[in-house]
Structure formats: structure tokens, C-alpha cells
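Below, each value reflects all heavy atoms present in this structure, side chains not excepted, and no hydrogens, waters or symmetry copies. Chain letters run A, B, ... following the sequence lines, proteins first and then strands; every chain starts at 1.
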Amino acid sequence: MHQVPDDFFARAPELVAPELLGARLLVDGCGGDIVETEAYALGDEASHSFRGQTKSNAAMFGPPGTAYVYRSYGLHWCLNIVCELGSAVLIRALHPIDGLDVMAARRRISDPRLFCRGPGNLCQALNVTIALNGLLVTQPPFLISLAAAHPEIAAGSRIGITKGRDRKWRFVIPGSPYLSRPLRPPTPIGSSSVKG
DNA sequence: CCGAAGATCTGCT
DNA sequence: GCAGATCTTCGGC
């Protein structure tokens with residue numbers, strides 16, 4: 001584990017996203033190791049930045065390393081880390097390690113595999129809300145340490161989007177029990193399943 | 001000015 | 001596998 005270099009996030013999100021796998025993400029000392037990320041680029045029709053800067057997505061146009069937190073479906077919060085201008089990496093799941101009892105209480109469940117399974121659950125477990133929007137993830141209450149060694153990485157289609165499904169910008173540690181969904185093998189032509 | 005859509009999650013069938 | 005919960009911005013009329 002080591003410090004994040006100053007220019008780490010000042011790159012294309014599809015390069016940063018796989019490198020965040022295995023990194024430890026803590027918020028006020030609570031969190032664990034990232035096992036699933038997705039990249040959203042500027043000019044990417046699936047990205048919130050696609051139609052330009054607005055009030056709600058302004059953090060996406062902030063400096064690299066900025067936290068972009070948005071509300072999803074009126075209920076959940078989701079955490080992104082801004083990369084080069086107008087792009088970001090969505091943190092989708094992590095392996096809970098520190099503050100397990102706190103996360104259990106926030107999530108009101110006891111199975112650690114479910115604490116941070118999916119972007120909404122992750123934010124509930126780490127107490128990430130709009131209050132953290134616009135803050136730098138290289139500063140408190142955030143703490144990010146990159147993995148000492150690169151873990152095994154696999155890529156697939158992003159989840160829950162209707163546009164931009166062609167890009168294989170979902171990155172996971174294959175076989176991890178903490179993924180929001182398992183990574184499925186490439187879908188044969190003509191299959192009923194579309195999601196990867 | 002109004003309403004459709006949305007980077008989700010849970011519980012029930 | 002699917003519908004419902006729930007809210008806010010922004011795009012279109």
C-alpha cells in the first residue's frame with residue numbers, strides 16, 4: 001500500500017479505473033479494498049457529463065481527485081472520483097475491512113459480503129452523502145492507498161446504463177465475493193442476455 | 001412549467 | 001424475474 005501520486009487521477013478514466021482495483025478506500029477510517037469500478041468519460045453518452053456542466057454534475061468538472069457524489073433513483077448515493085476533465089470513475093463495490101461493526105449498523109445487516117455490494121450500498125456503509133461532494137479524495141475524511149501489487153483484473157460491460165453499452169469499462173477483481181454482480185463471460189450473438 | 005428518466009436496491013413471486 | 005420506492009434535475013413544450 002502506498003500514497004496516491006499527485007497526478008494519478010489526471011488521466012483518462014478507463015486507465016485509472018482498473019488501477020484502483022485493490023486500492024484501500026476509507027472514509028473516516030471505515031472501508032476496505034476496491035473490487036469493482038466503472039469508467040465514465042467526457043463525450044461518453046452514458047456519462048453524467050455528456051450534456052455539459054450543470055448544477056448537479058459540477059463536481060465532475062472539478063480538479064482530478066475530486067469526489068463526485070450524486071443521488072440515484074431518488075434513494076441512493078453513488079461515489080465517483082474525478083479523473084481528467086469531465087470524466088470520473090464510479091466506485092461500485094469493495095471488500096470491507098475496517099469499521100465492520102459500524103458498517104453493519106449503518107446497513108442494518110450482518111453479512112459483510114453485502115455491506116458494500118453496489119454503489120448505493122457502499123455509500124450507505126461508508127456514510128458517503130452529498131456532504132462529501134466536491135471534496136478531494138486525497139484529503140480527510142477520505143484516505144486512499146494504492147495496492148502494493150496489481151491484482152488480477154477483468155473487464156466487462158457497464159451495469160445499469162441504457163447508452164454506451166459497447167464500451168467494456170466495468171473493471172473487477174474476478175471471482176471476488178464482494179462484487180455487485182459476477183462478471184459474465186462474453187455473450188454469444190443471439191443470446192437473450194445483454195448485460196455483462 | 002411540467003414530467004420523464006435515471007450509473008439502484010429490495011422483497012416478493 | 002419484476003415492480004415499487006422516492007426525488008430532483010434538466011430538457012422539451
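Atom-to-atom, CG of A:Leu75 to C1' of C:dA3 comes out at 14 Å; the value is rounded to the nearest Å. Taking atom CG of residue A:Asp111 and atom C1' of nucleotide B:dT10, one finds them 15 Å apart after rounding to whole Å. Here the C1' atom of nucleotide B:dA7 and the OH atom of A:Tyr40 are 4 Å apart, to the nearest Å. When rounded to the nearest whole Å, the span between OH of A:Tyr68 and P of B:dA7 equals 9 Å. Between the P atom of B:dT8 and the CZ atom of A:Phe115 lies a distance of 22 Å, rounded to the nearest Å. In this structure, NE2 of A:His48 is placed 13 Å from P of C:dG11, rounded to the nearest angstrom. Between the NE2 atom of A:His76 and the P atom of B:dA7 there is a distance of 13 Å, rounded to whole Å. At whole-Å resolution of the value, CZ in A:Arg181 and P in B:dC9 are 11 Å apart.
Using a 4.0 Å heavy-atom distance criterion, A:Thr162 is classed as a sugar-phosphate-only contact. Counting any heavy atom pair closer than 4.0 Å across all strands shown, A:Arg108 reaches no nucleic acid atom. Within 4.0 Å (heavy atoms only), A:Asn57 reaches no atom of the nucleic acid at all.
For A:Tyr73, the side-chain atoms get nearest to B:dT8 when compared with the rest of B:dT8, C:dC10, B:dA7. Checked against C:dC10, B:dC9, B:dG6, the side chain of A:Lys55 finds its nearest nucleotide in C:dC10.
Here A:Leu143 sits in one hydrophobic cluster together with A:Leu26; the rule is ILVMFWY side chains under 4.5 Å apart, joined directly or through other members.
Taking atom P in both C:dG4 and B:dA4, the straight-line distance is 16 Å, to the nearest Å.
Ion pair A:Glu36/A:Arg117 not flagged as a salt bridge, since none of the NZ, NE, NH1 or NH2 atoms sits closer than 4.0 Å to an Asp/Glu carboxylate oxygen.
The nearest pair of heavy atoms linking A:Pro112 to A:Pro96 is O-CG, 3.3 Å.
Remark: ring of A:Tyr70 does not overlap the six-membered base ring of B:dA7 in a stacked fashion, as centroids less than 5.5 Å apart with planes less than 30° apart are not both met.
Counting heavy atoms from C-beta outward, A:Leu146 and A:Phe8 have side chains that approach closer than 4.5 Å.
When the side-chain nitrogen and oxygen atoms of A:Arg107 are compared with OP1 and OP2 of B:dT10, one or more of them lie within a distance under 4.0 Å. Within the 4.0 Å cut-off from OP1 or OP2 of B:dA7, not a single side-chain nitrogen or oxygen of A:Arg71 is found. In this model, the phosphate group of C:dC10 is approached by a side-chain N or O of A:Thr54 to a distance below 4.0 Å at OP1 or OP2.
Across all strands shown, C:dT6 forms no Watson-Crick or G-U wobble pair with both key distances under 3.5 Å.
Each of A:Gln124 and A:Glu38 was matched to the nucleotide of DNA chain B holding its nearest heavy atom; the match closer to the 5' end belongs to A:Glu38.
Side-chain atoms of A:Arg24 and A:Ser145 form no donor-acceptor pair, as typed in the model, at a separation below 3.5 Å.
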